[in-house]
2 protein chains.
Amino acid sequence: MIPVTIHHVAQKARCSVASVSRVVNGTGPASPAMRARVEVAVAELGFQPSEVGRSLARRSRRILGVLVPSVTNPIFAASLAGIQDRARAAGLSVLIAQSDYDPGREREAVEALLAERPAGLVLTVCDPYDSLALDLVERQGIPTVLVYNDPGDRRISAVTVDSRGASRALVEQMIALGHRRIVFVAGHFAASDRSRLRYLGYADAVSAAGLPVEPPTEVDFIVGADDVDLTELVSRLRPTAIVASNDLLALSVIASLRRLGLDVPGQVSVAGFDGIALGRLVDPPLTTVEQPAGTMGVAAVSLLLELAAGRCESQRLLINHTFRPGGTLQPPVAQVRLSKRRQSSQNLVHQESSR
Amino acid sequence: MIPVTIHHVAQKARCSVASVSRVVNGTGPASPAMRARVEVAVAELGFQPSEVGRSLARRSRRILGVLVPSVTNPIFAASLAGIQDRARAAGLSVLIAQSDYDPGREREAVEALLAERPAGLVLTVCDPYDSLALDLVERQGIPTVLVYNDPGDRRISAVTVDSRGASRALVEQMIALGHRRIVFVAGHFAASDRSRLRYLGYADAVSAAGLPVEPPTEVDFIVGADDVDLTELVSRLRPTAIVASNDLLALSVIASLRRLGLDVPGQVSVAGFDGIALGRLVDPPLTTVEQPAGTMGVAAVSLLLELAAGRCESQRLLINHTFRPGGTLQPPVAQVRLSKRRQSSQNLVHQESSR
DNA sequence: CAGCCGACTGGAAACGTTTCCAGGACCCTA
DNA sequence: TAGGGTCCTGGAAACGTTTCCAGTCGGCTG
């Protein structure tokens, strides 16, 4: 059960450990006879060089550290899958950590990753503008790429999408369709700059159209399918369209609206962000802004490899988003009638047909 | 940028590396003065012990190796989240690998994990009865826990659910509701013993009721939201109920049926397995058998820790599944009329209302 | 006061690997 | 035949840490 080391191999092949190392790694010269002897010994003993000793000796690890807020969010799972695939192609193992959207935990997680002395780091942090974890990373000077985060004035590379622009475009589309009461629903607002940028895009579009900018509605929303309660929001603002800060939340919002007896998109339109695969499976398909998470993961690792090899400088990659029409966004119905009677209605839910 | 080592700390604190090690780890005696000097030096230099040197010295790693078929499947993402949480609580880092349901890749992945000399392994393999990867692991004798897999006659621990029994119970329920033409749709049949066991449960129930056991319909289905084409299946067998080998596939099946103009559950009932969170968000909620993936992940790591500490023997944990009614399973409509006219209909889709 | 014991400290070996360097064998050329 | 080159090989240092062991020092007991 004791793992077989290079010394065992050397003994069996009657040569020095140096020669074994050279044969196994294909570095340096070796006579055919030697090569054969070593290969036989390796096969018989089932020798596999220890990455620990190996990375200690060459003071560089074949490991990548990855931090995401939560792997149960399909968008990060997809990103992780992309990272993992690209890393494997480059012969790197992937060390993974989750922050659960908690800055404190984020810092601990990054510390643990750093202790492994990885070749590089791929991070999606809560708030890049105020992240102890990023401070740590910067001080260490280890190659790092942010995913989904805007690095601000840090000298850190990033692969991002134009969250604010995408959000603005989406909301402009809603306005063009005739929506006038549009609200923004967010989860983890405090702990997600993605949410925040998307809200800003919403605000851009709404205020440009001279409509009221509602403060974001924050809902308790962690795992991905919690029940959200929109009763108060719906009764107070009676929106005709809701922008959710991500697809998972959008699906929750839709389920919640339907529980309130509201038809989506008949009475309320809903749109999200991310473009998770499951959005296409629901009926009608979710209207969303697609951001290719897998591709972003792949791009992040590719960039990281270039960075680590010193073949390029710190830089930012902007990945294109695409609008996916889906079917949960429609022109509002009975727009005029509704706004005429705005004051008089005290109904909890506003079912146009009953008025 | 060169990382600070224990020697730098020792130099700064004017003591030996041995003392630094003792203070940092809290092992062995140290005078208050020494402790203070070292702590100051550690803080000033931002020293963080290298896990590499550390694990080489104590020949044990604070790392857990995890293999799942694919992190984009929410069920494995949830399992991974559970594993990760429990591991973090125990101070272990998590190394992750994916097999993409490919036995060859599975072997490579496990080899790479093994090279890191992890403290233990948590695996979900394609086929435990014929897995080179598991052979490797067994030979190495490293503490290992299977998740979702039945270890067969291997001496490996496992955390599983009774897939076959759960499937049988589900199909019996369908039969009790009046369904007579029930088919089983699977993805990755060849590469997933979960699928296979669920099919066997289906066969158990169907044959016990004296109904025809249809061979499983395999569909191309990798990422989680591909379009599946059920045209041929529907036209040939005209099922009133479909059992999908997992929830993701069930959602795809529902979307596909609706594209064919069929109402779910009005004309065809559909049920899945796993109990992914998103199943509750669709309309109507997906009928499924819930298997608590996160809990299984947590249990797997807990078991692994006991195993590694030598506090228990290799064992198998069976986690309970629960039936989640949802709304996609209903009694079949127009059962009698349909079977009467079975021969005459050559329609691609069988819309009961139009007959 | 001698002896002993405990607390503290530092030196050094060990972990498994890579890699530098030097030595040896052999062949070729001048 | 001497000299120089090439090719192969092994010894040993290095990587960063833990841990065993031996040594020192002070205080306590007899």
Side-chain angles (χ1 to χ4, degrees), chain A residues 1-39 41-42 45-63 91 93 114-119 140 142, chain B residues 1-39 41-42 45-63 91 93 114-119 140 142:
Chain A
M1 286 316 145
I2 160 178
V4 18
T5 76
I6 200 173
H7 290 100
H8 302 140
V9 179
Q11 195 174 5
K12 181 142 202 156
R14 300 184 315 283
C15 67
S16 70
V17 294
S19 296
V20 177
S21 175
R22 274 189 294 257
V23 170
V24 168
N25 295 293
T27 80
S31 67
M34 170 72 79
R35 204 183 309 277
R37 282 213 315 279
V38 169
E39 274 162 5
V42 164
L45 267 46
F47 167 70
Q48 199 187 8
S50 152
E51 275 301 322
V52 181
R54 200 170 248 200
S55 38
L56 185 59
R58 38 162 119 100
R59 37 205 145 291
S60 95
R61 301 220 56 185
R62 311 278 327 157
I63 278 204
S93 292
L114 247 21
E116 293 288 346
R117 304 282 189 269
Q140 207 100 357
I142 182 173
Chain B
M1 287 317 144
I2 161 177
V4 17
T5 76
I6 200 172
H7 290 101
H8 302 141
V9 178
Q11 195 174 6
K12 182 142 200 156
R14 299 184 314 284
C15 67
S16 70
V17 295
S19 297
V20 177
S21 174
R22 276 189 293 256
V23 169
V24 168
N25 295 292
T27 81
S31 68
M34 170 72 80
R35 203 182 312 276
R37 281 215 315 279
V38 169
E39 272 161 6
V42 165
L45 267 44
F47 167 71
Q48 198 186 10
S50 153
E51 274 302 321
V52 181
R54 199 170 250 200
S55 40
L56 186 59
R58 45 160 114 100
R59 35 204 150 293
S60 95
R61 302 222 56 185
R62 311 278 330 157
I63 279 204
S93 292
L114 247 20
E116 293 288 347
R117 303 281 189 272
Q140 207 98 359
I142 183 175

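Lettering follows sequence order; numbering is per chain, from 1. Note that these values count all heavy atoms, side chains included, but never hydrogens, waters or copies made by symmetry.
- Note: CZ (B:Arg37) to C1' (C:dC8) measures 12 Å, nearest angstrom.
- Between its two ends, the helix from C:dC1-D:dG30 to C:dA30-D:dT1 turns its axis by 60°, counting five pairs per end and rounding to 10 degrees.
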### Task
Test salt bridge (charged side-chain N to carboxylate O under 4.0 Å, His left out) on A:Glu51 and B:Arg117 and set out the steps.
CA-CA 7 Å; A:Glu51 275 301 322; B:Arg117 303 281 189 272; over 6 Å; no
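- Between B:Asn25 and B:Arg54 there is a side-chain heavy-atom pair separated by less than 4.5 Å.
- Between B:Val38 and B:Lys12 there is no side-chain heavy-atom pair separated by less than 4.5 Å.
- For the pair B:Arg59 (side chain) and B:Ala57 (backbone), a donor-acceptor distance under 3.5 Å is present.
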### Query
What string of B, S and - do you get for nucleotides 17-22 of chain D, 5' to 3', when a contact is any protein heavy atom under 4.0 Å?
BBBB--
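- Close to D:dT9, at under 4.0 Å from its OP1 or OP2, lies a side-chain N or O of A:Ser31.
- Residues A:Val24 and A:Pro49 meet the side-chain proximity criterion, which asks for heavy atoms closer than 4.5 Å.
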### Query
What's the verdict on side-chain contact (heavy atoms from CB on, under 4.5 Å) for B:Ser55 and B:Arg62, showing C-alpha distance, side-chain angles and the deciding distance?
CA-CA 7 Å; B:Ser55 40; B:Arg62 311 278 330 157; over 6 Å; no
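- The main-chain N or O of A:Gly28 is never found under 3.5 Å from a side-chain atom of A:Arg22 such that the two would form a donor-acceptor pair.
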### Query
When you look at A:Glu116 and B:Arg61, which way does the side-chain contact (heavy atoms from CB on, under 4.5 Å) test go after all the steps?
CA-CA 10 Å; A:Glu116 293 288 346; B:Arg61 302 222 56 185; 2.7 Å; yes
